[in-house]
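Notes follow once the structure below has been shown.
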Amino acid sequence: MAIHHPKPEHRDALRASMGRVDAAATGSPGLIRINAWSEIDGPRLVGIAMWESREAFEAAAPRMFGAVADDPFDVWSAAPAENFYLEA
């Protein structure tokens, strides 16, 4: 799970970037679900991905994050993203 804190003027660009990560992940072995969400009453964007295993995520990560490697997150973001790796 990743929580992003976009600057208001860059919210759409950051949301589109999250969509590119989703698209790059689609079809990856072990992916259960991936979606980007917009906070209804606030500015935050949340990306949630569920994987069969950590190994499946790690195998797909270079392709997913390579799709947005040139995106200017330092310009778009008001604060660094908060990333959480959770297990059931």
(request) Flag yes if Trp37 and Ile32 sit in one hydrophobic cluster, no otherwise; membership is Ile, Leu, Val, Met, Phe, Trp, Tyr, and two members link when side-chain heavy atoms are under 4.5 Å apart. (result) no
(request) Report whether Leu31 and Tyr85 are members of the same hydrophobic cluster (ILVMFWY, side-chain heavy atoms less than 4.5 Å apart, transitive linking). (result) yes
(request) Evaluate whether atom CG of Asn35 has more than 12 neighbouring non-hydrogen atoms of other residues, nucleotides or ligands under 6.0 angstrom away. (result) yes
(message) Quick check for you: to the nearest 0.5 Å, what is the distance between Ser17 atom OG and His10 atom NE2?
(response) 13.0 Å
(request) Measure across Ala25 and Ile34 and return the closest heavy-atom pair with its distance rounded to 0.1 Å. (result) CB-CD1, 3.8 Å
(message) So, taking the atom named NE2 in His4 and the one named CD in Glu82, what distance separates them when rounded to the nearest 0.5 Å?
(response) 10.0 Å
(message) Would you say that Arg15 contacts Pro6 through its side chain, given a criterion of any heavy-atom pair below 4.5 Å between the two side chains?
(response) no
(message) Do Val68 and Ile3 sit in one hydrophobic cluster, given that two such residues count as connected whenever their side-chain heavy atoms are within less than 4.5 Å of each other, even indirectly?
(response) no
(request) Report yes if the side chains of Met1 and Val46 come closer than 4.5 Å at any heavy-atom pair, otherwise no. (result) yes
(request) Classify the ring geometry between Trp51 and Phe57 as parallel (under 30°), tilted (30 to 60°) or perpendicular (over 60°). (result) perpendicular
(message) Would you say that more than 12 heavy atoms from the other residues, nucleotides or ligands in this model lie under 6.0 Å from the CZ of Arg44, or not?
(response) no
(message) Could you measure the distance from the CG atom of Leu14 to the NZ atom of Lys7? Nearest 0.5 Å is fine.
(response) 11.5 Å
(request) Please round to the nearest 0.5 Å and tell me the distance separating atom NE2 of His5 and atom CD of Glu39. (result) 9.5 Å
(request) Determine whether Leu45 and Ile48 fall in the same hydrophobic cluster, where Ile, Leu, Val, Met, Phe, Trp and Tyr are linked whenever their side-chain heavy atoms lie under 4.5 Å apart. (result) no
(message) Using a 3.5 Å distance criterion without hydrogens, assess whether the side chain of Ser53 forms a donor-acceptor pair with backbone atoms of Ala56.
(response) yes
(request) Return yes when atom CZ of Arg63 has more than 12 non-hydrogen atoms of other residues, nucleotides or ligands closer than 6.0 Å, and no otherwise. (result) yes
(request) Can you measure from CG (Leu86) to CE (Met50) and round to the nearest 0.5 angstrom? (result) 10.0 Å
